[in-house]
Amino acid sequence: MSRKRYAMVVDTRQCVSCKACVLACKAENEVPDGFSRDWLMEEVWGDYPNLSAENRSERCNHCTNTPCVHACPTGASHVNEGGTVLVSHNKCTGCKACIAACPYNARYTHPAGYVDKCTFCLHKVQRGEQPACVSICPTKTLFFGDLNDPTSEVYKLLRSRRFKVLFPETGAKPNVYFLY
Amino acid sequence: MNTDYVEICPTAYHKMVEHAHEVWGWEIVVYLFLGGLVAGLLVLTAALELRAGERSKSRGLMWMPFIALALISLGMGALFLDLHYKIHVFRFYLAFQPSSPMSWGAWILLVIYPAAFLLGMGSLSGDWRERINGWVEKKSKRLKGLLDWSFEWADEHRRTLLWTNLVVGAGLGVYTGLLLGTMVARIHWNSAVLGPLFLSSGLSTGAAFMLLFKLDKDEQRALVRWDMLAIAAELFFIALMLISFVGGNHAAQVAGEGLLGGKWTAPFWTLVVMLGLVVPLLLETVEIKRRLPLTVVTPVLILIGGVSLRAILLASGQESCFCDLR
């Protein structure tokens, strides 16, 4: 059996920017005030009245080629189960090299000193649950699963729908996909 | 298709997600500047002796390795201030990450301490050795033994120490540039030129700093000549960087906007290029050609240029990201 490769799929046609994913994440992971591990981007283009919009729930892309892990001098940033990129708080010096290296600006310095970011709620996934943002989404915008499992929803969605990733030119090979 | 943002949801993001954010502040400017300066001091101190084939008799050069140690300690102090999780600083030395320039830097800095210290011990004149020996002997017999051993070892391995300082110093100079140059996400820094650019700038600021001390005439002339070469190299690398911005792809063009018409244009061209490089190069050319006495104006201008180069590139680089390409 092939190794797991966790990914998230965001259906931009379903998202209504309700911010439930942000609040669920903050509650689940005790994210301090003024910070968030995921966020919403509303991109609007065109000329009035011919406008189009895209709502995106964004977070760490848990890249396959990890600029943050490569930049980390202590090994605090590392690749864990299913390709999930995590930060070991007890190894982090708060040098911020990973923050400078992240093309998605997905990291921040926690008031406690260490660098923090989305973990795909690996603690929940390991219990067989879905990440907090996915489980709370009222419009079924977010999907999480193993891309190496042909029966998973994320696998099927990426084979049946048109999708994109953010800033593919970085070469980071992100694992958050946006259906559009 | 026009893809201008009209809104970024303000209640659901942390400030990092926005277009620009500052990761590193003045502490890293100080660290990069002093790191480059110390790299220059070690390389040039070693190179002057290797060139002459004998130990320098000038007092300024004798103390240079110890001054380098004091300056690098100051730089590391600034780096420490920048850490958000200060009690975890020891973690730098519990791992070596080959892909991380910061990890290389941490270990290079650790090699620099004994290398520069032993170079300094070997550089001390006979009367200073006697003075130090006398003082230490009063304090501790064991320390006196260690001191004797270090004098002996430093004298015996003088040539090895000179080459070690030269190589480690060059490594430190290149590292300060590569630290920024390998950050893929910051499109303005994303260039291998930053390594040699920061090394040449380090050599130039190192030479300028040394010229503020009392040295032999011959050593001063050699340093000015090397400084002119370093400045010429720095101008060449800056030209390469700008050419890659102008002639590069869309990302490169956006990355270069800050220095070529954007908000960093005026400080970069006045403080770094004109005052820090072109004017000192002209002054040094006149001083050498006309055999004029050297003034402190040229070294001071070079040092101002060195700080400005790092401050401007650090700030402009942190403001650049792939979000600029949307």
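Each chain gets a letter, A, B and so on, in the order the sequences are listed, and its residues count up from 1.
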Query raised in the report: A/T139 side chain to A/Q14 main-chain N or O, any donor-acceptor pair under 3.5 Å?
Result: yes
Query raised in the report: For A/K173, does the NZ atom have more than 12 heavy-atom neighbours from other residues, nucleotides or ligands under 6.0 Å away?
Result: no
Query raised in the report: Does A/K164 make a cation-pi contact with A/Y180 (under 6.0 Å, within 45 degrees of the axis)?
Result: yes
Query raised in the report: Does A/K96 come within less than 4.0 Å of B/D82, counting only side-chain N to carboxylate O?
Result: yes
**Report entry** SB check A/E54 A/R13 (cutoff 4.0 Å)
**Finding:** no
Query raised in the report: Hey, does B/R186 have a side-chain heavy atom less than 4.5 Å from the side chain of B/H188?
Result: no
**Report entry** Residue pairs, two or more places apart or on separate chains, that pass side-chain hydrogen bond (donor to acceptor under 3.5 Å, both in side chains) and touch residues 62-71 of chain A
**Finding:** A/T64-A/N175
Query - Per-residue contact mode, A/A53 against chain B (heavy atom under 4.5 angstrom) - result: neither
**Report entry** Engaged part of A/C95 at the chain B interface, taking heavy atoms whose separation is under 4.5 Å
**Finding:** both
Query - Options A/A172, A/A76, A/A101, ranked by heavy-atom pairs under 4.5 Å with chain B, top entry - result: A/A101
Report task. Side chain from CB out, backbone as N, CA, C, O: work out which of these in B/L94 comes under 4.5 Å of a heavy atom of chain A, or both, or neither. Result -> neither
Report summary line: Whatever's closer than 4.5 Å to a heavy atom in chain B on A/H89 counts as backbone
Report summary line: Residues of residues 99-111 of chain B with a heavy atom under 4.5 Å from any heavy atom of chain A, in residue-number order, are B/S99, B/S100, B/M102, B/S103
Query raised in the report: Non-hydrogen atoms of chain B under 4.5 Å away: do they reach the side chain of A/N90, the backbone, both or neither?
Result: both
Query raised in the report: chain B contacts: which residues in residues 78-86 of chain A have a non-hydrogen atom closer than 4.5 Å to it?
Result: none
Requested in this report: Please find out if less than 6.0 Å separates the ring center of A/F120 from that of A/Y6.
Outcome: no
Requested in this report: Enumerate the residue pairs fulfilling salt bridge (Lys or Arg N to Asp or Glu O under 4.0 Å) with a member in residues 307-318 of chain B, sequence neighbours excluded, ordered by first and then second residue.
Outcome: none
**Report entry** Near-ring test A/F163/A/F178, centroid separation under 6.0 angstrom
**Finding:** no
Requested in this report: Measure from the side-chain N and O atoms of A/S17 to the backbone N and O of A/M41, and report whether any donor-acceptor pair falls under 3.5 Å.
Outcome: no
Query - A/Y155 six-ring face occupied by A/R159 cation (under 6.0 Å, within 45°) - result: yes
